[in-house]
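Data first, discussion second: the structure below is written as structure tokens.
Only this structure's heavy atoms are used, side chains among them; waters, hydrogens and symmetry mates stay out. Naming convention: chains lettered A, B, ... in sequence-line order (proteins, then strands); numbering from 1 in each chain.
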2 protein chains.
Amino acid sequence: MADINMSPKIVNGLAERPGATGAAAAASEPIWDIIELLFFAYRDFVGDPDEVLSKLGFGRAHHRVLHFVNRNPGMKVADLLEILNITKQSLGRVLKQLVDQDFVLQKEGAQDRRQRLLYVTPKGEALALKLAGLQTQRITRAFAELGPGAHEAARRFLTAMTDADNRDDVLRLIARAERTARRG
Amino acid sequence: MADINMSPKIVNGLAERPGATGAAAAASEPIWDIIELLFFAYRDFVGDPDEVLSKLGFGRAHHRVLHFVNRNPGMKVADLLEILNITKQSLGRVLKQLVDQDFVLQKEGAQDRRQRLLYVTPKGEALALKLAGLQTQRITRAFAELGPGAHEAARRFLTAMTDADNRDDVLRLIARAERTARRG
DNA sequence: AAAATATGTCAACATGGCTGACATAAATAT
DNA sequence: ATATTTATGTCAGCCATGTTGACATATTTT
């Protein structure tokens, strides 16, 4: 794998097996290892929170809502819909449960009173942090194995894997949340 | 680089449960950027195939089955169940559709005639490669942005992110499939 | 012959997506 | 001031894909 193909390539010969990892055009061979590792890594990554959530009668959908509300307190419902890329009906179901069970609360917007701005309650923040803690444990363990520079490398890789279209939005979102979190 | 799992030093038994760190310094604050980037990167990563699949009336479940059967021709149903970690009833539904529509075929096991060994048809292989091609495009684009060493770094990161329990199985699975693929 | 195994199937249910239609309050435009 | 648009919520139902439990069938193992 990752062959630095040095064998004398018969360039004009064409019809060569696409195994050579050259910068060749379209028909390059699938990068199976990354494809499969992403599958397994993500599965395990979300698996930790799933266990905790299921005990509360929640699922991954609740986790996503709770996560982004915790990270972006005061966000509008519309913003959340855009991030999650689901319909308001889908969101409505899980959001209602989170509100009813006192993990999330909604406050009327100050300037625009149609808006229902979203906040986590202390209970909600505790759960969000618990779930993030599980995932952080895994990430920390991985970084420890990999040595210095691993965090930066992972961030660069994952950033490069996102849609170029959304990338700015994603990075801005993360940056904005970092700022908000620092607010204490 | 041949061996993915030359696992560097897992030196100290740094038992990192959250808060157990002697240092009073902020009981390991969540690593928000990686958590969120994984969410967005994975979403985009599976989004490409999803579009193609939906035109065929298939979903992500079909993709997973097709992928692993393509990568591990002749695998047993039981093996697939274990990899996907779903029930046979869930698998049965999507597998039946794939078989009925001639993407996958089942052959009676030679030694054990109870087994229904799974293979992709040419049609199935074509679809599997098309989907893998989309994902490979994204990965290739990312690696091109990141410069040399990106593939190795990504593989190491993702490997480190998988459960330590499963890691050997995962790596063996990937290695086995690589071998099988080379056969062609 | 009996028991275990590999697989398939029927039925029912849960979660979390979706669409479409409609309701309400508040902001905005005419 | 009225009309329209916007932000949000809700009802009803469909779909995909996961679940459990029970049972059937063929084949291998004991």
Output yes when [X] and [Y] qualify as a salt bridge under the 4.0 Å nitrogen-oxygen rule, no when they do not.
X: A:E145; Y: B:R156; value: no
X: A:D163; Y: B:R43; value: no
X: B:R155; Y: A:D33; value: yes

Side-chain donor/acceptor of B:T136 to backbone N/O of A:I31, under 3.5 Å: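 Yes; judged by distance alone, with no hydrogens or angles, the pair exists.
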Let me confirm one number: the CG-CG distance from B:L53 to B:L131, rounded to the nearest 0.5 Å.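 The CG atom of B:L53 sits 5.0 Å away from the CG atom of B:L131.
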DNA chain C: 5'-most and 3'-most nucleotides touching chain B, 4.0 angstrom heavy-atom criterion: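 Reading along DNA chain C, I get C:dT5 to C:dC10.
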Restricting to pairs with a member in residues 82-112 of chain A, which pass ring pair (Phe, Tyr, Trp, His ring centres under 6.0 Å), not counting sequence neighbours?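 For residues 82-112 of chain A: A:F58-A:F103.
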Quick one: list whatever passes side chain to side chain contact (heavy atoms under 4.5 Å, CB included) with B:Q137, sequence neighbours left out.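 Only B:L134, B:R141 meet the side chain to side chain contact (heavy atoms under 4.5 Å, CB included) criterion with B:Q137.
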Step through it carefully: locate the ring centre of A:F68, locate the ring centre of B:F39, and say whether they are under 6.0 Å apart.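 So the answer is yes for these two rings.
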Could you walk me through whether A:E108 and A:R114 pass the salt bridge (Lys or Arg N to Asp or Glu O under 4.0 Å) test, one step at a time? CA-CA 7 Å; A:E108 200 172 65; A:R114 290 171 302 183; over 6 Å; no
Grab the N/O contacts between the protein and nucleotides 16-18 of chain D below 3.5 Å, and write none if there aren't any.
residue	atom	partner	partner atom	Å
D:dT17	OP1	B:R60	N	3.3
D:dG18	OP1	B:R64	NH2	2.4
D:dG18	N7	B:R93	NH2	2.4
D:dG18	O6	B:R93	NH1	3.3
D:dG18	O6	B:R93	NH2	3.4

Partner residues of B:D169 under the salt bridge (Lys or Arg N to Asp or Glu O under 4.0 Å) criterion, sequence neighbours left out: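 Here the qualifying residues are B:R172.
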Using a cut-off of 4.0 Å between protein heavy atoms and nucleotide atoms, how would you tag nucleotides 24-30 of chain D 5' to 3' with B, S and -? --BBS--
In whole Å, what is the span from the CD atom of B:Q89 to the C1' atom of D:dA22?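 Distance check: B:Q89 CD to D:dA22 C1' gives 10 Å.
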Separation of atom CG in A:L81 from atom C1' in D:dT6, rounded to whole Å: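 It is 14 Å, rounded to the nearest whole Å.
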